[in-house]
Amino acid sequence: MRIAIVGAGLAGLTAAYELREVAAAEDSQVDVFEASDRIGGKLFTVPFNDGPVDLGAEAFLARREDAVEFFTELGLADSLVEPSGKSSLVYSGGELQNLPRGGVMGIPSTSAPIAHLVSEDTARKINAEADAVAINWTVGEDRSIGKLVRERYG
Ligand SMILES: Cc1cc2nc3c(=O)[nH]c(=O)nc-3n(C[C@H](O)[C@H](O)[C@H](O)COP(=O)(O)OP(=O)(O)OC[C@H]3O[C@@H](n4cnc5c(N)ncnc54)[C@H](O)[C@@H]3O)c2cc1C
């Protein structure tokens, strides 16, 4: 049997890893097809001044024992690190600013928590968002958050 896995992101690579023993036992072949020029999908690390920086996913909940077990099985147990506890900051207006607090999953519902980061015009748009025209979104559409925020808030 030949097995084709489309996409070498986390899901595709994990599927290939899980299937390899079955494939070996049944004399099958697993092929992973990736459209881009690198594997990893949304897992993407780039070099930065003070060391590598993750641009996509960088964390998992350690209380998920299956995740810890999986990384241990891959021989990566010694590479796992705990979050530093330092909060993220935003570089804006030439200096580091605190991230806004409150809101739903970090998204503020009024401009108050981010007034130090946005213009008065944007603050007005954020405050008027509840009465603004509804977002025209098709279920399943992969929409750019950045584009959406620019459209709504300038
Ligand atoms: C900024 C950001 C931060 C995140 N942070 C976290 C986090 O901290 N913890 C966490 O658990 N999750 C996090 N996530 C979510 C997590 O990254 C994703 O859920 C996960 O990486 C998705 O893996 P995937 O394999 O399903 O998809 P993807 O990583 O998108 O991989 C899909 C792959 O398939 C390829 N592909 C697509 N179509 C084709 C085709 N037709 N032919 C061949 N190849 C194709 C793509 O090029 C891509 O490489 C984050 C996501 C983002 C964007």
Side-chain angles (χ1 to χ4, degrees), residues 1-26 28-111 113-114 116-118 122 125-126 129 134-154:
M1 183 175 35
R2 292 191 66 191
I3 300 166
I5 295 174
V6 180
L10 186 59
L13 293 177
T14 306
Y17 178 79
E18 296 289 340
L19 283 168
R20 77 199 193 295
E21 279 179 15
V22 182
E26 297 183 2
S28 299
Q29 181 179 331
V30 179
D31 291 307
V32 181
F33 296 90
E34 171 53 50
S36 69
D37 59 2
R38 62 170 184 85
I39 62 168
K42 291 188 175 65
L43 305 184
F44 187 21
T45 306
V46 296
F48 215 61
N49 274 1
D50 294 331
V53 171
D54 294 310
L55 295 188
E58 85 293 340
F60 65 93
L61 292 173
R63 65 170 178 267
R64 286 289 306 264
E65 286 176 14
D66 51 353
V68 178
E69 283 165 11
F70 182 58
F71 291 119
T72 303
E73 188 181 318
L74 293 175
L76 297 171
D78 292 341
S79 303
L80 297 177
V81 292
E82 304 249 337
S84 68
K86 292 177 184 169
S87 68
S88 300
L89 300 165
V90 181
Y91 187 72
S92 170
E95 54 187 316
L96 289 170
Q97 315 266 4
N98 288 328
L99 273 183
R101 301 207 175 275
V104 180
M105 295 185 74
I107 301 173
S109 54
T110 73
S111 70
I114 54 170
H116 60 298
L117 294 174
V118 299
T122 295
K125 287 179 182 163
I126 292 171
E129 178 66 18
I135 295 169
N136 186 14
W137 178 68
T138 310
V139 175
E141 181 187 348
D142 192 6
R143 194 148 178 194
S144 158
I145 294 286
K147 188 164 176 282
L148 177 67
V149 172
R150 274 190 293 278
E151 277 168 16
R152 306 294 285 195
Y153 297 153

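By convention here, the first residue in the shown sequence is residue 1. For ligands, and for the atoms within them, numbers begin at 1 and follow the listed sequence. Since the model is a prediction, treat every value here as computed from it, not as a measurement.
- In Ile145, the CD1 atom is not crowded: 12 or fewer heavy atoms of neighbouring residues, nucleotides or ligands sit closer than 6.0 Å.
- There is a protein heavy atom less than 4.0 angstrom from atom 8 (O) of ligand 1.
- Between Leu43 and Arg38, the shortest heavy-atom contact is O-NH1, 3.4 Å.
- Counting only heavy atoms of the protein, atom 46 (C) of ligand 1 lies nearest to Glu34 OE2, 3.5 Å.
- Here the shortest heavy-atom pairing between Pro113 and Pro100 reads O-CB, 3.6 Å.
- The closest approach between any non-hydrogen atom of Phe33 and ligand 1 is below 4.0 Å.
- Looking only at protein heavy atoms, the nearest one to atom 28 (P) of ligand 1 is Lys42 N, 3.9 Å.
- When every heavy atom of Ala77 is checked against every heavy atom of Thr72, the shortest pair comes out as CB-OG1, 3.9 Å.
- Counting only heavy atoms from C-beta outward, the side chains of Ile5 and Asp31 never approach each other to under 4.5 Å.
- Here the protein heavy atom with the shortest distance to atom 40 (C) of ligand 1 is Val6 CG1, 3.6 Å.
- Judged by distance alone, with hydrogens and angles left aside, the side-chain atoms of Thr14 form a donor-acceptor pair with the main-chain N or O of Leu10 at under 3.5 Å.
- Distance CG/Asp78 to CG/Leu76: 9.0 Å, rounded to 0.5 Å.
- Proximity to Gly41 (heavy-atom distance under 4.0 Å) selects the following atoms of ligand 1: 29 (O), 31 (O), 48 (C), 49 (O).
- Each of the following atoms of ligand 1 lies closer than 4.0 Å to a heavy atom of Gly9: 25 (O), 29 (O), 31 (O), 33 (C).
- Of all protein heavy atoms, the one lying nearest to atom 36 (N) of ligand 1 is Gly7 CA, 4.1 Å.
- For a threshold of 3.5 Å applied to N or O pairs, the pair formed by Leu43 and ligand 1 contains no separation below that value.
- At least one heavy atom of Leu55 sits closer than 4.0 Å to an atom of ligand 1.
- Between the Gln97 side chain and the Ser92 main chain, a donor and an acceptor come within less than 3.5 Å of each other.
- For the pair Thr45 (side chain) and Pro52 (backbone), a donor-acceptor distance under 3.5 Å is absent.
- Counting only heavy atoms of the protein, atom 25 (O) of ligand 1 lies nearest to Ala11 N, 2.8 Å.
- Ranked by closest heavy atom to atom 11 (O) of ligand 1, the top entry among Gly40, Ala59, Ala57 is Ala59.
- Of the protein's heavy atoms, none falls inside 4.0 Å of atom 38 (N) of ligand 1.
- Protein heavy atom at the shortest distance from atom 45 (C) of ligand 1 is Ala35 CB, 3.8 Å.
- Proximity of a side-chain donor or acceptor of Thr138 to a complementary backbone N or O of Glu141 within less than 3.5 Å is not detected.
- Protein heavy atoms are found inside the 4.0 Å sphere centred on atom 33 (C) of ligand 1.
- What sits closest to atom 3 (C) of ligand 1 on the protein, heavy atoms only, is Gly56 C, 3.4 Å.
- Here Glu151 pairs with Arg143 in a salt bridge; the nearest charged N to carboxylate O distance falls below 4.0 Å.
- Near Leu10, the atoms of ligand 1 lying under 4.0 angstrom from a non-hydrogen atom of the residue are 23 (O), 25 (O).
- Contact between Glu34 and Ala8 at its shortest, heavy atoms only, is OE1-N, 2.7 Å.
- The protein does not reach atom 19 (O) of ligand 1 closely, with no heavy atom under 4.0 angstrom from it.
- Of the heavy atoms in Leu13, none comes closer than 4.0 Å to ligand 1.
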